[in-house]
Novice: 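My questions all concern the structure below.
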Amino acid sequence: MKYMGSKNRIARFILPMMIKEANEKGITTWVEPFVGGGNMIDKVPNSFRRIGADINPYLIQALVSIRDCANELPKNNKEFTEVNYNELRKNDNYKHKGYAGFALSYGGKWLGGWCRDGLNKRDYVTESYKNAQKQTTKLQGVEFINKSYLDLELSGNSLIYCDPPYEG
């Protein structure tokens with residue numbers, strides 16, 4: 001079975017096995033060197049120290065925005081428009097550039113084009129805002145680090161969950 005992308009849909013199957021094993025071995029720290037959208041680490045119990053890392057600074061910025069500032073994120077496509085989105089390419093002045101660059105992009109690809117359907121009936125900004133509101137409480141307490149997996153300093157008492165990005 002091969003799953004690509006978000007682990008959100010399979011987390012409920014694999015996470016209980018890892019948590020059980022970690023608890024049996026007295027592991028206290030959960031580390032994700034390739035945290036991605038945080039769809040695994042956001043389900044790990046707060047009883048663990050949770051560390052999510054990624055080499056992409058905008059990805060870490062996006063997760064910090066969701067964790068710490070979810071109510072500040074744009075709520076609809078009138079509050080944040082395609083014009084605003086296109087301005088992101090030109091500068092880093094927008095506080096939530098990481099969030100907007102992923103969450104408001106077609107297919108979640110970094111600045112991959114304004115999110116839209118062919119009929120412009122869906123408000124993807126509202127959908128992204130609602131998703132951020134659901135995830136914000138789950139990310140409380142997660143330490144986000146902008147580092148390569150090669151540079152992470154880990155304790156010997158850690159469970160390391162690796163879901164590396166897919167080349168190509």
Side-chain angles (χ1 to χ4, degrees), residues 4-8 11 29-44 46 48-154 158 160-168:
M4 294 198 49
S6 174
K7 297 297 179 257
N8 195 39
T29 303
W30 177 282
V31 180
E32 287 191 37
F34 312 99
V35 72
N39 288 310
M40 185 65 83
I41 204 166
D42 72 359
K43 293 163 189 60
V44 174
N46 289 334
F48 289 88
R49 176 181 178 207
R50 299 177 295 160
I51 300 170
D54 201 278
I55 196 168
N56 186 325
Y58 292 109
L59 177 66
I60 295 300
Q61 184 188 69
L63 291 167
V64 169
S65 288
I66 294 168
R67 183 193 66 198
D68 298 346
C69 311
N71 290 330
E72 295 177 12
L73 299 174
K75 295 169 183 55
N76 57 58
N77 62 10
K78 290 179 180 42
E79 200 173 294
F80 193 91
T81 67
E82 185 172 5
V83 171
N84 300 127
Y85 177 86
N86 289 330
E87 285 295 314
L88 294 176
R89 296 177 192 273
K90 299 175 189 171
N91 63 61
D92 283 339
N93 295 338
Y94 183 55
K95 178 181 179 180
H96 304 297
K97 180 174 181 170
Y99 170 80
F102 284 110
L104 307 181
S105 289
Y106 181 76
K109 181 181 175 192
W110 173 249
L111 292 177
W114 177 245
C115 52
R116 70 173 86 229
D117 61 13
L119 305 172
N120 287 327
K121 292 186 177 189
R122 286 178 66 181
D123 182 345
Y124 287 96
V125 179
T126 297
E127 290 178 27
S128 295
Y129 178 78
K130 288 178 180 178
N131 288 336
Q133 294 301 311
K134 290 177 190 173
Q135 194 176 30
T136 187
T137 56
K138 298 174 185 178
L139 293 178
Q140 297 307 304
V142 177
E143 299 169 47
F144 290 113
I145 301 171
N146 175 220
K147 279 190 176 181
S148 165
Y149 72 97
L150 297 170
D151 298 324
L152 283 176
E153 296 176 22
L154 306 173
S158 299
I160 302 166
Y161 172 72
C162 291
D163 180 21
Y166 304 97
E167 188 172 345

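Numbers here are sequence positions counted from 1. Here the structure is a predicted model, which means the values were calculated and not measured.
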Novice: Do Trp110 and Tyr58 have their ring centres less than 6.0 Å from each other?
Specialist: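 Here the rings of Tyr58 and Trp110 have centres that are less than 6.0 Å from each other.
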
Novice: Report the residues that fulfil side-chain hydrogen bond (donor to acceptor under 3.5 Å, both in side chains) with Tyr129, sequence neighbours left out, ordered by chain and then residue number.
Specialist: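 Per chain and number, Tyr129 pairs via side-chain hydrogen bond (donor to acceptor under 3.5 Å, both in side chains) with Gln133.
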
Novice: Compare every heavy atom of Leu63 with every heavy atom of Gly36, then report the nearest pair and how far apart it is.
Specialist: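 It is O-CD1, 3.4 Å.
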
Novice: Please give me the minimum heavy-atom distance between Gly37 and Gln135, naming the atom from each residue.
Specialist: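 Distance-wise, the nearest heavy atoms are O-NE2, 3.0 Å.
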
Novice: If we ignore hydrogens and angles and just use 3.5 Å, is the side chain of Glu32 paired with the main-chain N or O of Tyr161 as donor and acceptor?
Specialist: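 Not confirmed, Glu32 side chain does not pair with Tyr161 backbone.
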
Novice: Is Thr126 close to Arg122 at the side-chain level, that is, under 4.5 Å between some pair of heavy atoms?
Specialist: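 No, their side chains stay 4.5 Å or more apart.
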
Novice: Quick one: list whatever passes side chain to side chain contact (heavy atoms under 4.5 Å, CB included) with Ala103, sequence neighbours left out.
Specialist: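 Counting only residues at least two positions away or on another chain, Ala103 forms a side chain to side chain contact (heavy atoms under 4.5 Å, CB included) with Tyr99, Ser128.
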
Novice: Give me the atom names and distance for the closest heavy-atom approach of Leu104 to Pro74.
Specialist: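 Closest heavy-atom pair between Leu104 and Pro74: CD1-CG, 4.3 Å.
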
Novice: Show me the pairs that pass salt bridge (charged side-chain N to carboxylate O under 4.0 Å, His left out) and involve residues 130-139, at least two apart or across chains.
Specialist: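 Listed once each, the pairs would be none.
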
Novice: Sequence neighbours left out, what passes salt bridge (Lys or Arg N to Asp or Glu O under 4.0 Å) with Lys95? Give chain and number order.
Specialist: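 Here the qualifying residues are Glu72.
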
Novice: Working to the nearest 0.5 Å, report the span between CH2 of Trp30 and CE of Met40.
Specialist: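 Trp30 atom CH2 to Met40 atom CE measures 6.0 Å (nearest 0.5 Å).
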
Novice: If you compare all heavy atoms of Phe80 against all heavy atoms of Ala100, which two are closest, and at what distance to 0.1 Å?
Specialist: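 Closest pair (atom of Phe80, atom of Ala100, distance): CZ-CB, 3.9 Å.
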
Novice: Below 4.5 Å, heavy atoms only, C-beta onward: do Ile60 and Val35 meet side chain to side chain?
Specialist: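 Yes, side chains in contact.
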
Novice: Taking side-chain hydrogen bond (donor to acceptor under 3.5 Å, both in side chains) as the definition, give me every residue that meets it alongside Asn84, ordered by chain and number, with sequence neighbours left out.
Specialist: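 Here the qualifying residues are Thr81.
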
Novice: Going by side-chain hydrogen bond (donor to acceptor under 3.5 Å, both in side chains), name the residues that satisfy it together with Glu82, two or more places apart in sequence or in a different chain.
Specialist: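 Applying side-chain hydrogen bond (donor to acceptor under 3.5 Å, both in side chains) to Glu82 gives Arg116.
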
Novice: I need the minimum non-hydrogen distance between Tyr85 and Ser105, along with the two atoms involved.
Specialist: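 Distance-wise, the nearest heavy atoms are OH-OG, 2.6 Å.
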
Novice: Under 3.5 Å, which donor-acceptor pairs do the side chains of residues 64-71 form with other protein atoms, sequence neighbours left out?
Specialist:
unit_1: Ser65; atom_1: OG; unit_2: Gln61; atom_2: O; d: 3.2
unit_1: Ser65; atom_1: OG; unit_2: His96; atom_2: ND1; d: 2.8
unit_1: Arg67; atom_1: NH1; unit_2: Val142; atom_2: O; d: 2.7

Novice: State whether the number of non-hydrogen atoms from other residues, nucleotides or ligands found under 6.0 Å of Leu111 atom CG is greater than 12.
Specialist: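 More than 12 within 6.0 Å, yes.
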
Novice: Listed by chain and number, what are the salt bridge (Lys or Arg N to Asp or Glu O under 4.0 Å) partners of Lys97, not counting sequence neighbours?
Specialist: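 Testing Lys97 for salt bridge (Lys or Arg N to Asp or Glu O under 4.0 Å), a comparison that skips the adjacent residues, returns Asp92.
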
Novice: With a 4.5 Å limit on heavy-atom distance, are the side chains of Asn91 and Glu87 in contact?
Specialist: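 Sidechains of Glu87 and Asn91: in contact.
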
Novice: The criterion is ring-ring contact (aromatic ring centres under 6.0 Å, His included); which residues satisfy it with Tyr124, sequence neighbours excluded?
Specialist: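 Tyr124: no ring-ring contact (aromatic ring centres under 6.0 Å, His included) contacts found.
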
Novice: Could you give all pairs that pass the side-chain hydrogen bond (donor to acceptor under 3.5 Å, both in side chains) test and reach residues 142-152, with sequence neighbours left out?
Specialist: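 The answer is Arg49-Glu143.
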
Novice: Leu139 versus Phe144: any side-chain heavy-atom pair under 4.5 Å?
Specialist: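 Counting from C-beta outward, Leu139 and Phe144 do come under 4.5 Å.
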
Novice: Would you name the heavy atoms of Leu154 and Ile160 that are closest together and state the gap between them?
Specialist: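 Scanning both residues completely, I find the closest heavy atoms to be CD1-CD1, 3.3 Å.
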
Novice: Name all residues meeting the side-chain hydrogen bond (donor to acceptor under 3.5 Å, both in side chains) criterion together with Asn86; count only those two or more places apart in sequence or in a different chain, and write none if there are none.
Specialist: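 Expected list: none.
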
Novice: Keeping the roles fixed (side chain from Glu79, backbone from Lys75), state whether a donor-acceptor pair exists under 3.5 Å.
Specialist: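 Yes, because the side chain of Glu79 sits within donor-acceptor range (under 3.5 Å) of the backbone of Lys75.
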
Novice: Run the ring-ring contact (aromatic ring centres under 6.0 Å, His included) test against Phe48 and tell me which residues pass, sequence neighbours left out.
Specialist: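 Result, ring-ring contact (aromatic ring centres under 6.0 Å, His included) vs Phe48: none returned.
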
Novice: Can you check side-chain contact (heavy atoms from CB on, under 4.5 Å) on Phe34 and Leu59, steps first, answer last?
Specialist: CA-CA 10 Å; Phe34 312 99; Leu59 177 66; over 6 Å; no

Novice: When rounded to the nearest 0.5 angstrom, what distance separates CG in Asn93 from CG in Leu88?
Specialist: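 Those atoms lie 10.0 Å apart.
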
Novice: Are side-chain heavy atoms of Cys162 and Pro33 found at a separation under 4.5 Å?
Specialist: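 Yes, their side chains come closer than 4.5 Å.
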
Novice: Look only at the side chain of Arg50 and the backbone of Thr29, and say whether a donor-acceptor pair between them is shorter than 3.5 Å.
Specialist: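 Absent.
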
